[in-house]
Amino acid sequence: MSLKFYNTMSRQLEEFRTLEEGHVRMYTCGPTVYNYAHIGNFRAYIFEDLLRRYLKYKGFQLTQVMNLTDVDDKTIRGANEKKVLLSQYTKTYIDAFFDDLSTLNIERAEYYPAATDHIPDMIKLIHRLFEKGVAYQSEDGSVYFSIAKYNHYGRLAHLDLSGLRAGARVVQDEYDKENLADFALWKAWDEKDGDVYWDSPWGRGRPGWHIECSAMSMRYLGESFDIHTGGVDNIFPHHEDEIAQSEAATGKPFAHTWLHCAHLVVDGKKMSKSLGNFYTLRDVLARGFSGREIRYELMATHYRQALNFTFGALDAARAALSRLDEFYRRVQGAATAEVPETDLPAWAKAQREKFGQALDEDLNISEALASVFDLVTAGNRALNEKAVPAGEAWAVLALLEEWDQVLGFIRPPDETADAETVTMMDLRQQARKNKNWAEADRLRDELAARGWVVQDTPQGPKLKRK
Ligand code: AMP
Ligand code: ZN
């Protein structure tokens, strides 16, 4: 079976090939750690997680790098406002990011390089760009990339360079196509940077955002690698500038396949911190939804289609997952012990094949999920007719486990509450006895945020999954 991806570079569906047989090298632009990541960001990370898991399912060895942007305009501004060291400031959000990855069951990449640990690589790369004649230092002390000196500028974002004003420069990391200009590789220190600076051959300063990704990707993946991903907002200027810097320095093609996910939107607008229309993962968890339900919603729309975020869709995710859970348990019930696994029954074999065919077509998740739920329907019918011998039930369970490796939400969550949750329930009972209603309510909300409700039964209160 061949695997196809829509390559942003060619704007076409292409047969996927790796540079090295059986090994995928992939770079995914990571979080700027100046705040908690919002669920729009997680849409991108969930898409990349599906990509990663499916490549592994197809038998590829994988080397994935996700950078942490821990120095840029936004992180410096945040640290200054809080009057703390940059590293102290970013640590909070780096830790939160990894917690969030666990909540969403996102597999870890092989490398998470932080920009501040790779400044010498960036300086070396800028040095190479001077040698190639495409970098220059301006009167303000900053170093810029001359886009007029690089013939292929604009290929990824399909830019029209005819109106380009020679010598125009942009120092900010983020700008739009109307402000197309030479962009900063190295930013000269100014008061706003406080104690954030490194010494370089061009004076004190700090790297631009784009050079960070060029230097870190090439450090871990080599000068040419297979896949580069991000959200569509990364196409310009970030990825366009990464390509220019990398290819101008090495003379080799940078990344071969460019994959970009469409935005998660709210009322038709991109969810973003600057628009203020965002929910962090924590906000959504606090409303009583689980990481698994959020994962489902973020994954269930094809990555190149805009995803309209609603709480209603999370309710639908909950219903879909409970249908899956019920089926899983029924199959478990039919898989009685000590019977060897046999072949998959025909109704399951057909869906297994369809699932793979769907994801082979540029990760067609809607079709893949259709096979999952068609399996549930067919399986329930067979179970109702008592037509699933234990050996087949074991085989179906194995298929569900196999799909769980790709989707990460098939297996039902553990029904046993952890010790901390049980203690919370006890404290709530205590508070109710003492008529401390405010405290009892607070604990009820906290339990809800963890995905649990307390049910009164003849045997006393019991925890139930929401
Ligand atoms: P940032 O932390 O802003 O650099 O973004 C991290 C990743 O999230 C990048 O790949 C962005 O393209 C992606 N991203 C940001 N906002 C959204 C959104 N609303 N929907 C999907 N992806 C997004
Ligand atoms: Zn990047």
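Note that ligands are numbered from 1 as they come in the structure, with each ligand's atoms numbered from 1 the same way. All figures in this text were calculated on a predicted structure; none of them were measured in a lab.
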Cation over ring face, R169 and Y144, 6.0 Å, 45°: yes
Does R287 qualify as a cation-pi partner of F311, given the criterion of NZ or CZ under 6.0 Å from the six-membered ring centre and within 45 degrees of its axis? yes
Which ligand 1 atoms are under 4.0 Å away from a heavy-atom of [X]?
| X | result |
| --- | --- |
| G230 | 10 (O) |
| M271 | 16 (N), 18 (C), 19 (N) |
| P31 | 2 (O) |

Find out whether Y36 and Y279 are in side-chain contact, i.e. whether some heavy atom of one side chain is under 4.5 Å from a heavy atom of the other. no
T280 and D283 side chains, donor-acceptor separation under 3.5 Å: yes
Identity and separation of the nearest protein heavy atom to atom 10 (O) of ligand 1: N234 OD1, 3.0 Å
In terms of residue, atom name and distance, what is the protein heavy atom nearest to atom 8 (O) of ligand 1? N41 ND2, 3.1 Å
May I ask which of [options] has a heavy atom nearer to [atom] than the others do?
| atom | options | answer |
| --- | --- | --- |
| atom 23 (C) of ligand 1 | G40, A44, G231, C29 | G40 |
| atom 7 (C) of ligand 1 | Y45, F97, W209 | Y45 |
| atom 12 (O) of ligand 1 | L307, D173, I46, D233 | D233 |

So, regarding T32 and ligand 1 (criterion: nitrogen or oxygen to nitrogen or oxygen, under 3.5 Å), is there a contact or not? yes
Flag R43 as yes when one of its N or O atoms lies below 3.5 Å from any N or O atom of ligand 1, and as no otherwise. no
Atom name of the N, O or S atom in H238 that lies nearest to the Zn ion (ligand 2): NE2
May I ask you to check whether C213 brings an N, O or S atom to under 2.8 Å from the Zn ion (ligand 2)? yes
